[in-house]
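Computed over heavy atoms, backbone and side chain alike; hydrogens, waters and symmetry mates excluded. Positions are given from 1 along the sequence. Atoms within a ligand are numbered from 1 in the order they appear, just like the ligands themselves.
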Amino acid sequence: MLWGTLALSTALVGTRLFSVTSAAPSAPDPDPCARIAGKQFVVPSDALACLKVFPFNETLRQNVLHTVSRVFDFFTFEDFYLNSPPPFQESTSNIRAEIARINSTMYATDFDFNKDLYDFITQLNDGHTRWFPACYVSAFQNILPAPVVTLGETSLQTSQSVFVAPDSVELLTLLGSNFTSFFDSIHFDWQRLAGAKVLSIAGMDPYTYVDLIAHTVSGNYLDHGVRVNSVFSSYRIVDTDFSQRVGDLAGPPIPDQDSLTFELIPVGSSKPETVTIPYLANFLGVPFTDKESYWANNCAANSATNGVDVKTQGSIFSNARRQPGTDGRLQPVGNIIATGPANGVDLPQQFQPTLPQVNASAGVIKSYILPDKKTGVMFVGSFEGDFVQFQTDTVSAFNGFKAAGVSRLLIDLTNNGGGFVCLGQFLHQFLAGSEIGYPGFQSTTRGNALAQKIVTSDIALGLTPDQVFYSPPNWAFFNDTPFPETHNYEIPTVPFVINGVQDPTSQRFHDICTPFNVPIPETPMIPLENVAIVSNGNCASTCAMFSTLMNERHNTKIAVFGGKPGEPVQFKGMAGNQVLEWTDLDTEIKSANLKDDPLAPPDLLVNSNFRHNWRIAWSFFDESKPIAYVSELPKFQFAYTNETYNNPQNLWEFAAKTLFD
Ligand SMILES: *[C@@H]1O[C@H](CO)[C@@H](O)[C@H](O)[C@H]1NC(C)=O
Ligand SMILES: *[C@@H]1O[C@H](CO)[C@@H](O)[C@H](O)[C@H]1NC(C)=O
Ligand SMILES: *[C@@H]1O[C@H](CO)[C@@H](O)[C@H](O)[C@H]1NC(C)=O
Ligand SMILES: *[C@@H]1O[C@H](CO)[C@@H](O)[C@H](O)[C@H]1NC(C)=O
Ligand SMILES: *[C@@H]1O[C@H](CO)[C@@H](O)[C@H](O)[C@H]1NC(C)=O
């Protein structure tokens, strides 16, 4: 609410007065959804009018809050939030008090209720623990034709300024003519803003406004510094393509703001000017024709909303989760869900690497040999996609590196949103050699009463690791022998106290990721002191676990780019361990015949996902602490420059010189 209000109150300040003609009808429009049906881009307030057409409904609130509150029983970090330790104190929240507050607040619309719940859970800053009502979040993404970046004239992190991304014309043109023609139709010249130096945003110092977005919009990452980098535009790989995020300032997932006022100096000018820049909302939901069909297609629960009983309905994990792994086990996943269509925007071709790929792969890893002929680069875009190909691509890259006599390796983890837990452990062991033994962390789930009943019931029913995650043989003792089918690792629980609250865990266990699908070298093929990692700190989940393993066990050189001048950025963004989507948890409960238990959450009546962090990874440095709460800073922090923020190859060449020579 705060930032929307601030932006509106300053929207009229300025020399280039501008107003979006969002027909504000004098009589309430009986169907604001019908007005915008079929359009790809709409004025944000028109989109918002459609989202706000559904009145508040107490039945839906009770349904949602009952599910949310019982899923929180499984959330490993609930009690850490009561007093989130420094430097993560910004995330402190009393989760049960917030639920009670939302249960007793008066809301005018269903949107207002969902937005309040969404903001509270987003601001826990854990990408594994998110409330995503499909009706309201990412149905429309708001886009400002002025994505921002923080750049230095040199790589010195302390001297940077905020700019409109110099490549914003090349980037946003890729959104297509429906986007650009809107600005033509209102005679708003956004192209001239590219590269402008930003002096203020919404009347505030630009970094203060960036902090506000990092605090209220970004979510996903416990560390404020990492969220600062989410606010800016940055390069990444989506699926298997080079892409550029527009960032959370220019691409928020809810269309609740029509414009934002900047004070800036355009390229080629020396005179500051004030420009009010309109947002435009991009529809990404399921098509509709009026409010009834908007609700039916986007908001009402559907056949995929809730979980199933695998004993009678088969597995919901038809494809992605059932990738060939060890013994057909379900593959645990740790990832964030990147919302928004920035997903669809490619990194403009002219900024993509020009070097030939080593054994050009169609997968999530892009590998190169730099012109110095000594440095191999692996840009690991995620740990998702094809489970086996990730491993064979790694082998091919190393064959290529070996043939070329490469002696050092740079791994780029920029905007890596995580993925299969076992692929993080694979890359760790492939680099460090099988001689290191177990390549992961000690792990636990929460020891609540329903979790205990689930494991007891799974054992009684003979449920297996290819059906449910709670099945004991999914996990192993510390000597890496799998738990027997009858080993109830939730009984007895292990005492744990955090912030003065008793919060027992399951017994500790290891993941079972080995044997991998490719042979693992016994010793490092490239000496680990010649391996370095670069990223922007937006390294989520499995990515955070991989980089933490490299830091904690091998003291790997890690460099983070970006951040505010002089403010540290952690190299791991969000280091939960395994995430369960709402359907996953509900499937565990239904398959264990416990859906009628008084502690079980009800089926959702709306098309939403409430995912949560289900497992903890305990730090090697201090096995009483989850790695999520261990502050680990990179050895190096650099500013992006206009040469590197959108140009991975330039960044790698800079990093190779700086980190290795
Ligand atoms: C523009 O939007 C219309 C719907 O309003 C859509 O049919 C058309 O395909 C879009 N054009 C492009 C180039 O995306
Ligand atoms: C509230 O939602 C429930 C569940 O979808 C529905 O049955 C009921 O009709 C709604 N109430 C009103 C007043 O619309
Ligand atoms: C919300 O408050 C009502 C009234 O006090 C109570 O009956 C209900 O159980 C509460 N719902 C949740 C989810 O806590
Ligand atoms: C590519 O992969 C093949 C087989 O994995 C390997 O023999 C070759 O050395 C690799 N490198 C190059 C540059 O082709
Ligand atoms: C980056 O900025 C410098 C001046 O600071 C300029 O000389 C150079 O051309 C710019 N490079 C790019 C890629 O825009």
Could you tell me the residue and atom name of the protein heavy atom closest to [atom], and the distance to it rounded to 0.1 Å?
{"atom": "atom 11 (N) of ligand 2", "result": "Asn57 ND2, 2.9 Å"}
{"atom": "atom 10 (C) of ligand 5", "result": "Asn642 ND2, 2.5 Å"}
{"atom": "atom 9 (O) of ligand 1", "result": "Asn178 ND2, 4.8 Å"}

*For Gly38, counting its heavy atoms only, list the atoms of ligand 1 lying under 4.0 Å from any of them.*
4 (C), 5 (O)

*Report, in ascending order of atom number, the atoms of ligand 1 lying under 4.0 Å from any heavy atom of Lys39.*
5 (O)

*NZ of Lys197: more than 12 outside heavy atoms within 6.0 angstrom?*
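For Lys197, atom NZ is not crowded (no more than 12 foreign heavy atoms under 6.0 Å).
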
Hey, is [atom] under 4.0 Å from any protein heavy atom?
{"atom": "atom 2 (O) of ligand 5", "answer": "yes"}
{"atom": "atom 13 (C) of ligand 2", "answer": "no"}
{"atom": "atom 5 (O) of ligand 2", "answer": "yes"}

*Let me know which of Tyr368, Phe561, Tyr235 forms a ring-ring contact (aromatic ring centres under 6.0 Å, His included) with Trp652.*
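Of the listed options, the one satisfying the test is Tyr368.
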
_Aromatic centroids of Phe183 and Phe179 separated by under 6.0 Å_ =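 Yes, close enough.
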
*asked:* Using ring centroids (six-membered ring only for Trp), state whether Phe288 and Phe283 fall under 6.0 Å.
replied: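 Ring centres of Phe288 and Phe283 closer than 6.0 Å.
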
*Looking only at heavy atoms, is any part of Leu60 under 4.0 Å from ligand 2, and if so is it the side chain, the backbone, or both, or is it neither?*
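The answer is the side chain of Leu60.
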
*Any luck finding a side-chain donor-acceptor pair between Arg236 and Ser243 under 3.5 Å?*
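Side chains of Arg236 and Ser243: pair found under 3.5 Å.
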
_Ignoring hydrogens and geometry beyond distance, is a side-chain donor-acceptor pair present between Ser259 and Thr276 at under 3.5 Å?_
no

*Is there a nitrogen or oxygen of Glu153 sitting under 3.5 Å from a nitrogen or oxygen of ligand 5?*
no

*Can Gly176 be said to touch ligand 1, with heavy atoms closer than 4.0 Å?*
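It does not; every heavy atom stays at 4.0 Å or beyond.
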
*Would you call the rings of Phe132 and Tyr118 parallel, tilted or perpendicular if under 30° counts as parallel and over 60° as perpendicular?*
tilted

*Residue among Pro253, Pro133, Pro252 satisfying side-chain contact (heavy atoms from CB on, under 4.5 Å) with Ser138*: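 Checked Pro253, Pro133, Pro252 against Ser138; only one passes side-chain contact (heavy atoms from CB on, under 4.5 Å): Pro253.
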
